[in-house]
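In what follows, every chain begins at residue 1, and chains take the letters A, B, ... in the order their sequences are listed.
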Amino acid sequence: MGNSCERPERGMESGMISVDKWSSGSQAYFLTHLHADHTVGLSSAWKHGLLFCSRLTSRLFPCKFPDFDLSLLRVLRVGSWHSITLTTPSSGAPTQVYVKPIDAHHCPGSVMYLFRGKFGYMLYTGDFRWEAAGNEVQSGRTMLLDSLKKRTLNTLHLDNTYCNPRYSFPSREVASKQVVDIITSHPDHDVIIAIDSLGKEDLLLYISRTLNIKVWVWPERLQIMHILGFRSNFTTQTTVTRVRAVPRYSFTTETLEGLNKTRRTIGIMPSGLPWPAKAKEKSVNVFGSSSCSERTAQTSNDDSSNDTISLEEGSIKRYGKYIYVVPYSAHSCFSEIKDFVELLRPINIKGIVSSASCHIDPCYYFDHLCGTQQAFWRSHQKPDNEDQGGNTVEDDVREGDVHSPYSVVRRKKRAMEFFRVSRVQVMRRRSHGSKITDAADDDDE
DNA sequence: GCGATCAGCT
DNA sequence: CACAGCTGATCGC
């Protein structure tokens, strides 16, 4: 199921449900959240079956798929069991599947799905952040344990994006404070912050409330903010604020250099993802901007020591002259993933993220926490050679293309896109609320 | 011409 | 390391 690894599903037959996978052949489709990498294959013309999602996702849905047939949407209430009748493919017999969405704290509307049926229990996390200190996770922990009722979780489909001990970063609350510190230590600068079409609203709200300013966003993004219920903290007027959130794809060193020709501007990149290792970057002390530049100058002729990236401090990095990288991540870091697996102790784990160059196999790290069936698969899975400094062919190829005239043209075009605010088409809003059907709650199963 | 898919880039 | 998402090329219809 889903875009997970190839191991056959033990419990559930194929052809029953799909999570974040949109090809035909399933009886029920579940959407965890609206980021593009989870909606590949989904379009306004899609009509392979019923689509289940959270209330908030259903409200945001028409922004991404304006002409989608909303009669196919079914809203599942977060924290409640819902009953769905499906057909067992092998026998043709009807069977009940129960599903409970649980807040994934990844982006607005994002949920994990806990399934229960003849196959036992299965949890599909989608993308998720499990900040143990937060109240939200405490209630999530309680909800998961109460839902499982001491039964075994057969299969955990896990967000393994940062499933490697090398990934260690602070909570989003801490990272948000770091961002505010950067802004206040640059009182005479404009600030641009890179964001995507959905996510990191908490960060922007924290900035807005702490500094008592509005944050500029582009028109489509303001529509999203309004749907999320944030009215007073955001604006599309450039004159009323020095802090602007811009699309990540328009956020480059060239953009910052261009902006600095007319106005002193810094960029902030909130991301759990380290920037490319060849970039010159340093840990900086936000609380004294003068010492930042000193340090940068000091080490600038010592490239060899800057090639490695360490995230263990969760520290702020400097990229180029104007860009700060702050460890604000919407995915769980390794210790959080570990806590999550220790809580659930499933029989099987499958990573939902696989990449060509580095398979981060959760089984490698968490086998000892799992059921006996893991042992069989472990013998087939080699741990990734994460500490061997792999001889990556890809890196060589990538470097060769960076300076092609073609890519320069494209970057300029993107940067221009960012300035042409008035051109941007304002997103269509539709009266869709009444057309979206709630799936019946089935709290007492 | 249009949609789906993929490669490339950041 | 690999996020989320844009752009452009290609292919089939």
Side-chain angles (χ1 to χ4, degrees), chain A residues 20 22-24 32-48 64-65 67 106-107 110 126-129 159-169 194-200 218 220-221 246-256 267 269-279 281 307-312 317 319-320 323 325-334 351-360 384-392 394-395 397-418 424:
Chain A
D20 293 347
W22 307 103
S23 49
S24 62
T32 61
H33 66 291
L34 272 171
H35 279 159
D37 52 335
H38 291 255
T39 57
V40 175
L42 193 54
S43 69
S44 288
W46 185 91
K47 50 176 167 51
H48 292 317
K64 201 169 172 73
F65 305 109
D67 298 319
H106 172 71
C107 71
S110 66
D127 291 348
F128 82 116
R129 179 98 202 239
D159 174 11
N160 56 320
T161 303
Y162 294 124
C163 187
N164 187 310
R166 74 167 61 160
Y167 295 118
S168 169
F169 35 74
I195 61 168
D196 293 309
S197 58
L198 190 63
K200 304 198 165 74
W218 63 101
E220 289 97 330
R221 201 56 162 94
V246 304
R248 190 164 53 177
Y249 61 84
S250 74
F251 188 101
T252 65
T253 50
E254 283 88 349
T255 309
L256 265 297
M269 167 69 73
S271 174
L273 178 70
W275 280 41
K278 67 184 173 112
E281 43 129 320
D307 288 339
T308 53
I309 286 179
S310 73
L311 277 180
E312 60 273 6
K317 310 283 183 194
Y319 179 83
I323 296 179
V325 181
V326 178
Y328 186 104
S329 173
H331 296 271
S332 300
C333 65
F334 181 77
I352 65 173
V353 180
S354 66
S355 100
S357 54
C358 176
H359 285 276
I360 303 173
D384 71 307
N385 51 351
E386 76 276 5
D387 291 321
Q388 292 300 313
N391 46 337
T392 59
E394 289 89 346
D395 287 352
V397 173
R398 182 181 293 193
E399 292 215 20
D401 287 334
V402 165
H403 298 296
S404 77
Y406 174 70
S407 64
V408 170
V409 168
R410 242 173 54 169
R411 271 206 295 273
K412 279 184 182 164
K413 191 177 168 191
R414 284 181 197 169
M416 281 180 63
E417 190 89 30
F418 157 57
V424 179

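Between A:N164 atom CG and C:dA2 atom P there is a gap of 8 Å when expressed in whole angstrom units. In this structure, A:D67 atom CG and B:dC2 atom P are separated by 14 Å, rounded to whole Å. Rounded to an integer number of Å, the gap from CZ of A:F251 to P of B:dC9 is 21 Å. One can place CH2 of A:W218 at 12 Å from C1' of C:dC6, the figure rounded to the nearest angstrom. For the pair A:L42 CG and B:dG3 P, the interatomic distance rounds to 15 Å; values are reported in whole Å. Across the protein-nucleic acid pair, A:D196 atom CG and C:dC6 atom C1' stand 11 Å apart, rounded to whole Å. Nucleotide B:dC9 holds its C1' atom 16 Å from the CG atom of A:D37, rounded to whole Å. Per the geometry, NZ belonging to A:K200 stands 7 Å off P belonging to C:dA4, to the nearest Å.
Across all strands, A:S43 comes closer than 4.0 Å only to sugar-phosphate atoms, never to a base (heavy-atom distances). Among the atoms of the strands shown, only primed sugar atoms or phosphate atoms (P, OP1, OP2) are found under 4.0 Å from some heavy atom of A:H106.
Among C:dC3, C:dG5, B:dT10, the nucleotide with an atom closest to any side-chain atom of A:H35 is C:dG5. Side-chain atoms of A:S197 lie closest to C:dG5 of the nucleotides C:dC1, C:dA4, C:dG5. In the set C:dA4, B:dT10, C:dC6, C:dC6 carries the atom at the smallest distance from any side-chain atom of A:Y249.
Put simply, SG on A:C107 and CZ on A:R129 are 14.0 Å apart, with the number rounded to the nearest 0.5 Å. The structure places OH of A:Y319 at 5.5 Å from OG1 of A:T253, a figure rounded to the nearest 0.5 Å. From A:W218, atom CH2 reaches atom OG of A:S197 across 7.5 Å, with rounding to the nearest 0.5 Å.
Counting heavy atoms from C-beta on, the side chains of A:D37 and A:D20 never come closer than 4.5 Å.
For C:dC3, its base sits under 3.5 Å from the side chain of A:R248 at one donor and acceptor pair at least.
With hydrogens and angles left out, the side-chain atoms of A:H38 and A:D127 include a donor and acceptor closer than 3.5 Å.
Taking only side-chain nitrogens and oxygens, A:S250 never comes nearer than 4.0 Å to OP1 or OP2 of C:dC6. Distances shown here put every side-chain N or O of A:H33 at or beyond 4.0 Å from the OP1 or OP2 atom of C:dA4.
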